[in-house]
Undergrad: 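First the structure, which I've put down as C-alpha cells, then a few questions once you've had a look.
Below, each value reflects all heavy atoms present in this structure, side chains not excepted, and no hydrogens, waters or symmetry copies.
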Amino acid sequence: MLDPKLLRNDLQNCAERLARRGYTLDTALFEKLESQRKQLQVDTQQLQSERNAKSKAIGQAKAKGEDAAEFFAAVSALGDRLKANEEKLVQVQRELNDLLMSLPNLLHESVPDGRDEEDNLEIRRWGEPRKFDFEVRDHVDLGEATGLLDFETAVKITGSRFAVMSGGIARLHRALIQFMLDLHSQEHGYTETCVPYIVNADSLRGTGQLPKFEDDLFKLRHEHDLYLIPTAEVPVTNIVRDVIVDHNDMPRKFVCHTPCFRSEAGSYGKDTRGMIRQHQFEKVEMVQIVRPQDSYAALEELTAHAEEVLKRLQLPYRVVTLCAGDVGFSSAKTYDLEVWLPGQQAYREISSCSNFEDFQARRMKARWRNPDTAKPELVHTVNGSGLAIGRTLVAVLENYQNEDGSIMVPEVLKSYMDSRRSIQ
RNA sequence: GGAGAGAUGGCUGAGCGGUUGAAAGCACUGGUCUUGAAAACCAGCAUGGGUUUAUAGCCCAUCCAGGGUUCGAAUCCCUGUCUCUCCGCCA
C-alpha cells in the first residue's frame, strides 16, 4: 500500500509516477473520497468529543451525589447524529481503503521506461552457451528418452500442467533443492525456514496478492478463506506481520523451500509444452527484512545470491532490470535472472528478485524500532527466488545433455546424488 | 468432535460500568552518584488517526475481532477467532 499521506499531499506526482507503469490513477475519485473522509471524520470526532465531555460530567455529578438528570437529555440528543455520521464515515473509509489497496507500488527512479518485457534492460551476462555437435533436444524429449519425466500420467492423475518425475530426474530435482538450501543457509547467512503451504486471506493481502489477483490462486473449499501458496514469499514475509522487529535482529534473512501453486489463469496456450509453466512447482525462496536505508543494497546482495546458484551449476544466464511496464504490482524494482535453455535457444526467467520497499510492510504492519527516533517505523522487504526448482531442472537437463539422451550430473550436485555422474 | 479456562502496553501482570490510556514489575531512555561499570535513587517511556508548517498543542480511536446494552464499557450480553487443560480420534 502507498503512504496515504503522500497521496494526499502530492497526488499529481503520485499519479505521474503510477502512469510510468501504465496505471491510471483516478485522481478525481481520490480527491472526492478524501474530502468526504476529512469532513466526516472531523465532524464525527467533534461529536464524540462532546459526548465524552458530557458523559464525564454525569459521572462527576453522580460521584458528588448531585442530580445529573439535566445532562441526560443533552447527551441523548447527540446520539442519533453521531451514529449517522459514524456510519457514513465507515462507508467512505472503506471505499478509500479499497482504492488504496488496489494501487500498485511506486517505482524506483532507476527503473527504465518501457511497456512490456520487450523493453527490459539487460545489465549483465555470465557464461557461454555450450556449443553442441549434435542436435539438441528440449527437456520434454530428454524426459521421454530417459522415461523419467511423464506428463501423460500427470494428466490422468490431475490434469494439464503437472508432471510426474521418477528415478534419476526425481533425485536430481531433490538434489537441486538440497544444494540451494545448503548454499543459502551455510554460506549466505539465511535462516532455513519451513512454513505452512496454506495461508489465510490476511497473509495474501499483506504481500499484495489480494485483493487484485485472486484469480491466480487456488482457493480451498473450507469454512474459512484459505489458499494454497503461490510462492513462499507469502508465508515467509508474513512472519513479521504485526511484529516490531528488534533492530539488533536486522536484517532478518530467511531461506525457504516450498511447493508453489498457481492457477495460471490467463496464460492459456502459453508454455504449454513441458515443465516451464506448471500449476505446481518447487521453489527455494530468499526473503530479507531490512532497514529502509539498506534495502537497495540488500536487493543487490540477494540477486547475487541467486546468481551464485547458477554460477555453481555452470548455467549461462543474464540479468535484466524489468522496465516500468513489466514490474510486478507490489515491487518498486525487480531484477529477473534468465537462464539459457538450449532447447528453446533462449534465455528464460528462473528467478525474480524484488525490493518492495515499505509497500508490503505497510499492508502487514511490519515494523522495527528505529533507535534514532525510538519510534516504530515500517521495514523494507526484499525477496527473490534462489531458484525456481522446476525451471532449474529443465536448464540442467538441456544444458547437460549428451547425444544419447543421457544427462551429466553437474559437479556441485554429485555429493547430493550418491556421486552419480549421469542420469539415463 | 466433546467439556472447561483464558486473551490487557515491547514482555510479565492488576483492574467494584463513571477523570483508567489503563496499577505494579521487567525491559528501555535520560539524570544523580562513581575513576569507570554495577547497584541504589529520581524522572521519562503505548500505538494508530485527525487537525496543523510542526516529531508543539488540541482532539478521536484502540485492553483478540465484530456486533449489542448504556448518558457512559477493559469491565455486562451475543457471535467469531485464537491459546491452554482434560477426553475422543489420528500421521
Undergrad: Within this structure, what is the CD-to-C1' distance between Gln45(A) and U62(B), rounded to whole angstrom?
TA: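 From Gln45(A) CD to U62(B) C1': 13 Å.
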Undergrad: Output every pair passing salt bridge (charged side-chain N to carboxylate O under 4.0 Å, His left out) with a member in residues 87-116 of chain A, not counting sequence neighbours, ordered by first then second residue.
TA: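 Qualifying pairs, neighbours excluded: Arg20(A)-Asp113(A).
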Undergrad: Does the side chain of Lys375(A) get closer than 4.0 angstrom to OP1 or OP2 of U47(B) through an N or O atom?
TA: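 Affirmative; the distance criterion is met.
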Undergrad: Quick one: which residue pairs count as a salt bridge (charged side-chain N to carboxylate O under 4.0 Å, His left out) with a foot in residues 191-206 of chain A, not counting sequence neighbours?
TA: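 Counting only pairs at least two positions apart or across chains, the salt bridge (charged side-chain N to carboxylate O under 4.0 Å, His left out) contacts touching residues 191-206 of chain A are Asp202(A)-Arg205(A).
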Undergrad: Is the shortest side-chain N to carboxylate O distance from Asp43(A) to Arg81(A) below 4.0 Å?
TA: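 Result for this pair is no, no salt bridge flagged.
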Undergrad: When the P atoms of C42(B) and C82(B) are considered, how many whole Å apart are they?
TA: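 Approximately 46 Å lies between the P atom of C42(B) and that of C82(B).
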Undergrad: Distance check: side-chain N/O of Ser49(A) vs OP1/OP2 of C60(B), anything under 4.0 Å?
TA: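 Ser49(A) to C60(B) OP1/OP2: side-chain N or O found under 4.0 Å.
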Undergrad: For nucleotides G66(B) and G9(B), find the distance between their P atoms and express it as a whole number of Å.
TA: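 Roughly 16 Å separates the two P atoms.
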Undergrad: Pull out every residue in residues 90-98 of chain A that has a heavy atom closer than 4.0 Å to any atom of RNA chain B, ordered by number, or say none.
TA: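 When residues 90-98 of chain A is checked for heavy atoms under 4.0 Å from RNA chain B, there are no hits whatsoever.
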Undergrad: Write down the distance separating the P atoms in A14(B) and C89(B), rounded off to the nearest Å.
TA: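 Their P atoms lie roughly 37 Å apart.
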Undergrad: Quick test of your reading of the model: are Lys283(A) and Glu285(A) salt-bridged, counting only N-O distances below 4.0 Å?
TA: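 Here Lys283(A) pairs with Glu285(A) in a salt bridge, since their nearest N and O are under 4.0 Å apart.
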Undergrad: Sequence neighbours excluded, which residues qualify as ring pair (Phe, Tyr, Trp, His ring centres under 6.0 Å) partners of His279(A)?
TA: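 Applying ring pair (Phe, Tyr, Trp, His ring centres under 6.0 Å) to His279(A) gives Phe162(A), Phe218(A).
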Undergrad: Runs of at least three consecutive Watson-Crick or G-U pairs, both distances under 3.5 Å, are what I'm after; which ones involve RNA chain B?
TA: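 In RNA chain B, stems of three or more pairs: B:1-7 with B:81-87, B:10-12 with B:24-26, B:28-32 with B:40-44, B:46-51 with B:57-62, B:64-68 with B:76-80.
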Undergrad: Please report, to 0.1 Å, the donor-acceptor pairs under 3.5 Å made by any side chain of residues 250-258 of chain A, with sequence neighbours excluded.
TA:
residue, atom, partner, partner atom, Å
Lys253(A), NZ, His188(A), O, 2.9
Lys253(A), NZ, Glu301(A), OE1, 3.3
His257(A), NE2, Glu282(A), OE1, 2.6

Undergrad: Side-chain atoms of residues 233-245 of chain A: list all donor-acceptor pairs with protein atoms under 3.5 Å, sequence neighbours left out, distances to 0.1 Å.
TA:
residue, atom, partner, partner atom, Å
Glu233(A), OE2, Gln360(A), NE2, 2.8
Thr237(A), OG1, Glu233(A), O, 2.6
Asn238(A), OD1, Arg241(A), NE, 2.7
Asn238(A), ND2, Ser203(A), O, 2.8
Asn238(A), ND2, Val234(A), O, 2.8
Arg241(A), NH2, Ser203(A), OG, 2.9

Undergrad: If you check the Lys38(A) side chain, which of G48(B), C60(B), U52(B) turns out closest?
TA: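 Nearest to the side chain of Lys38(A) among the choices is U52(B).
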Undergrad: Please determine which of Asn120(A), Thr321(A), Asp119(A) meets the side-chain contact (heavy atoms from CB on, under 4.5 Å) test together with Pro112(A).
TA: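 Only one of Asn120(A), Thr321(A), Asp119(A) forms a side-chain contact (heavy atoms from CB on, under 4.5 Å) with Pro112(A), namely Thr321(A).
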Undergrad: Could you tell me how far U19(B) sits from U62(B) if I compare only their P atoms? Round to whole Å.
TA: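 These two P atoms come out 15 Å apart once rounded.
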Undergrad: Let me know which of Ile407(A), Asp138(A), Ile423(A) forms a side-chain contact (heavy atoms from CB on, under 4.5 Å) with Leu397(A).
TA: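 By the side-chain contact (heavy atoms from CB on, under 4.5 Å) criterion, Leu397(A) pairs with just one of Ile407(A), Asp138(A), Ile423(A): Ile407(A).
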Undergrad: Take atom CG of Asp43(A) and atom C1' of U51(B), then tell me their distance rounded to the nearest Å.
TA: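 In whole Å, U51(B) C1' lies 13 Å from Asp43(A) CG.
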Undergrad: Please state the C1' separation for the pair U20(B) and C63(B) - nearest whole angstrom.
TA: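 Nearest-Å result for U20(B) against C63(B) at atom C1': 11 Å.
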Undergrad: List the atom pairs, donor and acceptor, that lie under 3.5 Å between side-chain atoms in residues 175-183 of chain A and the rest of the protein, sequence neighbours left out.
TA:
residue, atom, partner, partner atom, Å
Asp182(A), OD2, Tyr416(A), OH, 2.7

Undergrad: Anything under 3.5 Å between a protein N or O and an N or O of nucleotides 64-74 of chain B, put it in a table, one pair a line.
TA:
residue, atom, partner, partner atom, Å
C71(B), O2', Ser55(A), OG, 3.1
G72(B), O4', Ser55(A), OG, 3.2

Undergrad: Does a side chain donor of either His139(A) or Glu398(A) reach within less than 3.5 Å of an acceptor in the other side chain?
TA: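 Side chains of His139(A) and Glu398(A): pair found under 3.5 Å.
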Undergrad: Are there any protein N/O atoms within less than 3.5 Å of an N/O atom in nucleotides 77-83 of chain B, and if so, which ones and at what distance?
TA:
none

Undergrad: Does Arg21(A) use its side chain to pair, donor to acceptor, with the backbone of Gly325(A) at less than 3.5 Å?
TA: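 Not confirmed, Arg21(A) side chain does not pair with Gly325(A) backbone.
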Undergrad: Kindly point out which of G50(B), C59(B), U47(B) is positioned nearest to the side chain of Arg367(A)?
TA: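 Selected nucleotide: U47(B).
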Undergrad: For C28(B), does OP1 or OP2 lie under 4.0 Å from any side-chain N or O of Arg369(A)?
TA: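 For C28(B), OP1/OP2 do not have a side-chain N/O of Arg369(A) under 4.0 Å.
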Undergrad: Please state the C1' separation for the pair U8(B) and C64(B) - nearest whole angstrom.
TA: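 U8(B) and C64(B) have their C1' atoms separated by 10 Å.
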Undergrad: Can you pull the salt bridge (charged side-chain N to carboxylate O under 4.0 Å, His left out) pairs that have at least one residue in residues 140-164 of chain A, sequence neighbours excluded?
TA: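 Pairs touching residues 140-164 of chain A that pass the test: Asp141(A)-Arg273(A).
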Undergrad: Please tell me if Asn52(A) has a side-chain N or O lying less than 4.0 Å from either OP1 or OP2 of U19(B).
TA: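 For Asn52(A), the contact criterion (side-chain N or O under 4.0 Å from OP1 or OP2 of U19(B)) is not met.
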Undergrad: Do the side-chain N or O atoms of Arg8(A) get closer than 4.0 angstrom to the phosphate oxygens (OP1, OP2) of G50(B)?
TA: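 Result: yes.
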Undergrad: Can you measure Glu86(A) atom CD to C60(B) atom P for me and round it to whole angstrom units?
TA: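 Computing the Glu86(A):CD to C60(B):P distance gives 13 Å.
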Undergrad: Is the shortest side-chain N to carboxylate O distance from Arg37(A) to Glu34(A) below 4.0 Å?
TA: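 A salt bridge is present here (some side-chain N lies under 4.0 Å from a carboxylate O).
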Undergrad: According to the ring pair (Phe, Tyr, Trp, His ring centres under 6.0 Å) rule, which pairs have a member within residues 221-243 of chain A, sequence neighbours left out?
TA: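 Non-adjacent pairs meeting ring pair (Phe, Tyr, Trp, His ring centres under 6.0 Å): His222(A)-His224(A).
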